[in-house]
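A short write-up of the structure that comes next.
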Amino acid sequence: MPDPTSQANYLQITSQHFSLDWKVDFEEKTISGYVIHDLIANEDNVKEVSFDTFALKIEAVEVAGHPVQFSLGSTHVVMGSALHIPLPTPLNSGSKVSVKVAYSTSKNATALQWLQKEQTQGKGFPFLFSQCQPIYARSLVPIQDTPSVKSTYTAAVSAVLPILMSAIRVSPPSEGPAHGGKVIGKDLVTYTYRQPVPIPSYLLAIASGNVVYRPFDKLEGKDWTSGVWAEPELIDDAHWEFREDTTRFLAAEEKLTTNYKWGVYDLLVLPPSFPYGGMENACLTFVTPTVIAGDRTLVDVVVHEITHSYFGNGITHADASHFWLNEGWTNYMERLLQQELRSPAHRGFAMVIGAKLLYDDLKLYEGKMSKYQRLQIDFEVGEDPDDAYSSVPYEKGCNFILHLERTLGGLDVFLPYVKDYVNTFMGKSITTAEWKTHLYAYFKQHGGDEKIKALDSIDWNAWLFGEGLTLPVEMEYDLSLATQAYALAERWDASRSTSDPSKLDFTAHDLAEMDTNQIIAFLERLQSYPALPSTHVQHLGSLYDLASTKNAEIRLRFYQVALLDPTAPGSLAYAQEAARWVVGNDGSGIVKGRMKFCRPIFRDVHAVDAELATSTYSQYKEAFHPIAQNLIEKQWKERLGHVQLLPSGDSVTVRGNL
Ligand code: BES
Ligand code: ZN
């Protein structure tokens, strides 16, 4: 079946390369110019090429240098409009043609957020960035917007601010003077890029703003370079946060898989409205500024995105139905690296934290959306992949691979398989069935009947298509890093019978030995008990500085504890506080645009006071990325209510042996 989220006829004719010629206009908030696709026919008698588009203004089309009449199909709310281009001479299999489309983006480009200068760190210049995954590249360029197609690309982009793309910079040099030595914000400079490795459309990316580059120390014997881009005000902190781990983890990743082949691995720190933690754009991972915690405790986001260089960017899911191949494998490998470079306890701990995320999301999809509890989701034509975006592909997927690792005989057996998997499928786009066929073939060859028997013992149907709140197998994790956090949560739970918690022996020192992830585990564990009395919530918040911490991961969990029971007497005050925090109206001026933060906060505030949530949101709507706007608004329409957690005992199967 062709990709259910695309209207392009990519099976008949495929874009192998495209070149972009763009001008970025910060006044008009548009990108305009043209794209030239170099296509090859895959069958005989191909009479038309169709591209995906969304809210684009198409001006003119040429086929092999000659103008042609094009037509735009009707607009589908999710998929957009197909751009139909007739080919004057039908093509036979193997023949090539180039198609040029002149166009500009519109205000409704879902992929793009145009920030006012006030919304940046430096407040001196505007900022633009894209987010194309899963299906928004079509609002940036007419393209075959499916991960089943991979193309190389080149770009020449003019702007008054530095331009970054998901490719290798040709000119001006990254390490040369900013903006090629011209006046930032005033002079138009043309940046050129090339991406010689074929990439799926969702990895196309552009960012533009007042950013500077600082390289990480080069590792000996490596032919790739790595560094970080950020606004000048943030570059010192960003460089410090990432300089140890980025190259170290990439080198470790190479050992487990194969050489990094993209030439450049750079990070770009975005303004706070960036809707994700990280996005693995080719050669240039985008990261949220909220991972700059000052203690390197949140760098696992970078480890995750590095891992996508192989799982996702190298081996790509064929379409949205197989998205778990990207995220499940990446999560598995990311945590394996944590085990190798930190300790086995770190892998177990990450699994424990993930189990909570998985359980919450499985809960959210209970009822009429139970289809999204599946690992392999068979999407219908035009179904929105963002509706299915959750921890399920990440966590169920990761547990599945971990279960395979254990069933097949541990890492000694499994790691050589991982290498073979990577070498077999690098550069390709695959389905779950193709992955499974290779797995069986590999173990038939390396282990024979015994390993095949082990594979046959797996309940494939339950793992791939099972619904419900539990995993098919009860998983065991190393809990040693969670013990202290859980013991503290237990003490707080037990304290509820004392009316004045300040009389108890809790001290600010309780958290002193814990890192950010352990504090998260503590606060998440608290959420598995019945809501604490408001006196206790208040004491908790002030004693440990949770109600004022700048660490957004911790602050989010504190509000989740405080808003656990939306009808509790103290909830309204916390809902108001959380609402101010999420939009940056708490004196910080920093919007919490990362969807991991803003979606649950708006959901929880809504459960306490719907009017407070919607009016706060409407007032600050423009601060959020168009993708986040869509999803926040949708979540209210569908009345995805407050997640009422079961007491810890009831969720035991999904959470392993907690
Ligand atoms: N590729 C994803 C982000 C994504 C997925 C964007 C689907 C749009 C559609 C990225 O690699 C990711 O998983 N980010 C996580 C990081 C976390 C798991 C460490 C995030 O943003 O929270
Ligand atoms: Zn990911």
Side-chain angles (χ1 to χ4, degrees), residues 5 78 110-111 113 129-137 139 145 147 166 199-205 242 245 249 267-270 272-282 284-291 293 297-317 319-335 337-338 350-351 353-354 356-358 360-361 372 377 379 384-398 516-517 520 552-553 556 592-600 625-628 630-631:
T5 67
V78 174
T110 325
Q113 190 176 19
F129 69 91
S130 67
Q131 168 60 42
C132 286
Q133 197 181 17
I135 51 165
Y136 306 118
S139 71
D145 200 3
S166 54
I199 59 159
S201 55
Y202 75 85
L203 294 178
L204 176 64
F242 305 125
D245 293 318
F249 274 96
L267 298 168
L268 166 65
V269 179
L270 284 122
S273 64
F274 181 57
Y276 288 96
M279 175 64 216
E280 67 274 23
N281 295 314
L284 181 71
T285 283
F286 284 16
V287 287
T288 166
T290 60
V291 296
T297 50
L298 300 178
V299 291
D300 55 332
V301 173
V302 172
V303 181
H304 177 96
E305 306 313 334
I306 288 172
T307 303
H308 273 308
S309 308
Y310 301 88
F311 305 89
N313 304 14
I315 307 175
T316 308
H317 64 309
D319 62 57
S321 302
H322 309 283
F323 177 62
W324 82 273
L325 284 175
N326 276 21
E327 298 300 344
W329 263 102
T330 295
N331 246 15
Y332 169 81
M333 290 301 288
E334 174 210 331
R335 290 169 184 174
L337 285 173
Q338 304 276 5
M351 295 302 300
I353 295 199
K356 159 81 163 69
L357 298 175
L358 174 61
D360 286 0
D361 283 346
Y372 297 147
I377 300 162
F379 277 83
D384 188 348
D386 262 345
D387 286 347
Y389 184 75
S390 79
S391 308
V392 176
Y394 292 78
E395 299 300 337
K396 215 186 240 198
C398 178
T516 301
N517 288 308
I520 291 171
E553 294 276 359
L556 166 74
K592 307 305 172 301
R594 184 176 175 188
M595 290 196 281
K596 181 179 178 184
F597 303 136
C598 61
R599 289 184 70 190
H625 191 279
I627 296 173
N630 271 343
L631 291 174

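Residue numbers run from 1 in the order of the sequence given. Counting starts at 1 for both ligands and their atoms, following the listed order.
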H308 atom (N/O/S) at minimal separation from the Zn ion (ligand 2): NE2

Any side-chain heavy-atom pair of I627 and N630 under 4.5 Å: no

Residue from T316, D145, N326, N281 passing side chain to side chain donor-acceptor pair (under 3.5 Å) with Y202: N326

Nearest protein heavy atom with distance in Å, relative to atom 14 (N) of ligand 1: G278 O, 3.2 Å

Beyond-backbone contact of Q113 with P626, side-chain heavy atoms, under 4.5 angstrom: yes

Sub-4.0 Å heavy-atom approach of R594 to ligand 1: yes

Note, L325 side chain near I315 side chain (heavy atom, < 4.5 Å): no

Atom 12 (C) of ligand 1: the protein heavy-atom neighbour that sits closest, reported with distance to 0.1 Å: Y394 OH, 3.4 Å

Flag, side chain of S130 to backbone of C132, donor-acceptor distance under 3.5 Å: no

The one among H304, E327, E334, M595 that brings a heavy atom closest to atom 17 (C) of ligand 1: H304

2.8 Å cut-off met by an N, O or S atom of E280 to the Zn ion (ligand 2): no

Ring pair (Phe, Tyr, Trp, His ring centres under 6.0 Å) partner of W329, the single match among F311, W324, Y310: F311

Shortest protein contact, atom 20 (C) of ligand 1 (heavy atom only): G277 N, 3.5 Å

H304: which of E334, R335, E280 passes side chain to side chain donor-acceptor pair (under 3.5 Å): E334

Which N, O or S atom of E327 lies nearest to the Zn ion (ligand 2), by name: OE1

Ligand 1 versus E305: contacting region, heavy-atom distance under 4.0 Å: side chain

Shortest protein contact, atom 4 (C) of ligand 1 (heavy atom only): Q133 OE1, 3.2 Å

Atoms in ligand 1 flagged as close to Q131, the criterion being non-hydrogen separation under 4.0 Å: 6 (C), 8 (C)

Between Y136 and H625, ring centroids under 6.0 Å: no

Atoms of ligand 1, numbered as shown, that sit under 4.0 Å from any heavy atom of H308: 11 (O)

contact_flag F323 ligand 1 heavy-atom lt 4.0 Å: yes

pair Y276-M595: side-chain heavy atoms closer than 4.5 Å: yes

E280 and ligand 1 - part of the residue with a heavy-atom distance under 4.0 Å: side chain

Any K596 heavy atom less than 4.0 Å from ligand 1: no

Plane angle bin for Y389 and F323 - parallel if under 30°, tilted between 30 and 60°, otherwise perpendicular: tilted

